[in-house]
Number of protein chains: 2
Amino acid sequence: MTDDRSFDLQGFLPYLLAQAAEASSLKFQRHYKDRYGMLRTEWRVLFHLGRYGPMTAKQLGDRAGVHKTKISRAVTALGDKRFLTRHVVADDRRQAALHLTKAGTAAFEELYGAARAFDQQLMALFSGTEGDALKRCLTQLAKI
Amino acid sequence: MTDDRSFDLQGFLPYLLAQAAEASSLKFQRHYKDRYGMLRTEWRVLFHLGRYGPMTAKQLGDRAGVHKTKISRAVTALGDKRFLTRHVVADDRRQAALHLTKAGTAAFEELYGAARAFDQQLMALFSGTEGDALKRCLTQLAKI
DNA sequence: GGATATTAGTTGATTTTGTAACTAACAAGG
DNA sequence: CCTTGTTAGTTACAAAATCAACTAATATCC
């Protein structure tokens, strides 16, 4: 290993990832936080239910890769906002299927559109091939 | 705007960034957290002081883009670990220059090496041009 | 020089996250 | 059945991040 000091935080991949993630997250927050008072996990839960339909908290957590306590709190918060209802599963009363309400679906529709638009806005910074490569790299890094 | 539902969280850039950032951060934590009991901001402060030499908390915060309360707490923690000392600036007693101690420098040296190695390990996932492009994209996104 | 405004840094209160322990319901083996 | 083990989900407590208010020192303007 060389002894020089040319290596810098600006070149350290985890740092760059954290900076880019924080910047984009802060910017997109305005849609779900300012407008609906949601936290990030709430937005993710809403997204999954809107995009894939009703499912239990367990299925949500598995699919989204989010811990069950976070899911539980997000579900409670979304319930308080009247964005979803719980329907206990008939043959296993531990589980409850989560259904978006009308209001929840409306919020999802708006945020889904905002997300697509924001993604396009970000991707416009890059050429098509560059942007595709970026997403592939990030997907790979997420699995590390 | 089209009405289809093909767009997915896995394709949403802020989500991908968050996942990749969290994964890499969790993996690198082991160096500064498990070994030295440091938090991420402490590691960043240590890095800046080791890499660029003594400076005040204000300069640190400006350079690292970190809020002063986070800097203040990280500096206190690093002081408790005897990794740095404060030297009040003679002609402005509000400010204090932060100097790494011998132990602080040693920790920096080790973590600096670990960071370089970890960066190389991550970058080995990609081709040279791909990795370079990735870092350029991330740098751009950090400024959004 | 003295009132007012700024700046560096700290502290405290509130919110959010992470971790572990817990309850309730079901499953399996005897 | 009935003990033991698992699973879904919640709750309680600790660690950490965020934001506002504060102190002390300096700068500015009249």
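Each chain gets a letter, A, B and so on, in the order the sequences are listed, and its residues count up from 1. Source: prediction; values computed, not measured.
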- Message: Nearest whole Å is fine: how far is D:dT10 C1' from A:Gln95 CD?
- Response: 15 Å
- Atom CD1 of A:Ile71 and atom P of D:dG9: how far apart are they, to the nearest Å? 10 Å
- Over all heavy atoms of both residues, which pair between B:Leu122 and B:Ser24 is shortest? Give the atoms and the distance, please. CD1-CB, 4.3 Å
- Short side-chain donor-acceptor distance under 3.5 Å, B:His87 and B:Thr85: yes
- Query: Do any pairs count as a ring pair (Phe, Tyr, Trp, His ring centres under 6.0 Å) and have a residue in residues 113-144 of chain B, sequence neighbours left out, and if so which ones?
  - Reply: B:Phe28-B:Phe118
- Message: With a 4.0 Å limit, can you tell me whether B:Ser72 has a side-chain N or O closer than that to the phosphate oxygens OP1/OP2 of C:dT10?
- Response: yes
- Identify whether any heavy atom of B:Thr76 sits under 4.0 Å from a base atom; if not, whether one sits that close to sugar-phosphate; answer base, sugar-phosphate or nothing. nothing
- Query: Is it true that the NZ or CZ of A:Arg63 lies under 6.0 Å from the centre of A:Tyr52's six-membered ring and within 45 degrees of the ring axis?
  - Reply: yes
- Nearest to the side chain of B:Ala57 - C:dT10, D:dA25, C:dG9? C:dG9
- Query: Separation of B:Leu84 atom CG from C:dG9 atom P, in whole Å?
  - Reply: 13 Å
- Item | Distance test, side-chain N/O of B:Arg93 to OP1/OP2 of D:dT26, below 4.0 Å | yes
- Could you tell me which non-hydrogen atom of B:His31 sits nearest to which non-hydrogen atom of B:Ala114, and how far apart they are? ND1-CB, 3.7 Å
- Between CG of A:Asp92 and P of C:dC26 the distance, given in whole Å, is 5 Å
- What is the distance, rounded to the nearest whole Å, between atom CD of B:Gln59 and atom C1' of C:dA8? 11 Å
- Specify whether A:Phe47 and A:Tyr112 have parallel, tilted or perpendicular ring planes, treating 30° as the upper limit for parallel and 60° as the lower limit for perpendicular. tilted
- What's the CG-P distance between B:Asp91 and D:dA25, to the nearest Å? 15 Å
- With distance as the sole test, does B:Lys135 use its side chain to make a donor-acceptor pair with the main-chain N or O of A:Gly11 at under 3.5 Å? yes
- Here the gap from A:Arg116 atom CZ to A:Leu111 atom CG, rounded to the nearest 0.5 Å, amounts to 13.5 Å
- On a plain distance test, is the side chain of A:Arg73 in donor-acceptor contact with the base of C:dG18 below 3.5 Å? yes
- Whole-Å distance separating the NE2 atom of A:His67 from the C1' atom of D:dT7: 13 Å
- Contacts to DNA chain C from residues 31-46 of chain A, heavy-atom cutoff under 4.0 Å, which residues? A:Leu39
- Message: Please determine whether a side-chain nitrogen or oxygen atom of A:Lys68 lies at a distance below 4.0 Å from atom OP1 or OP2 of D:dT10.
- Response: no
- Counting heavy atoms not belonging to B:Arg82, are there more than 12 under 6.0 Å from its CZ? no
- With DNA chain C as reference, determine whether A:Ala90 or A:Thr69 sits nearer its 5' end, using the nearest nucleotide of each. A:Thr69
- Message: Under a 3.5 Å cutoff, is there a donor and acceptor pairing between the side chains of A:Asp62 and A:Gln59?
- Response: no
Could you run down the sub-3.5 Å N/O contacts of the protein with nucleotides 1-7 of chain C?
residue	atom	partner	partner atom	Å
C:dT7	O2	B:Arg94	NH1	2.6

- Separation of C:dT17 atom P from B:Leu26 atom CG, nearest Å, is 15 Å
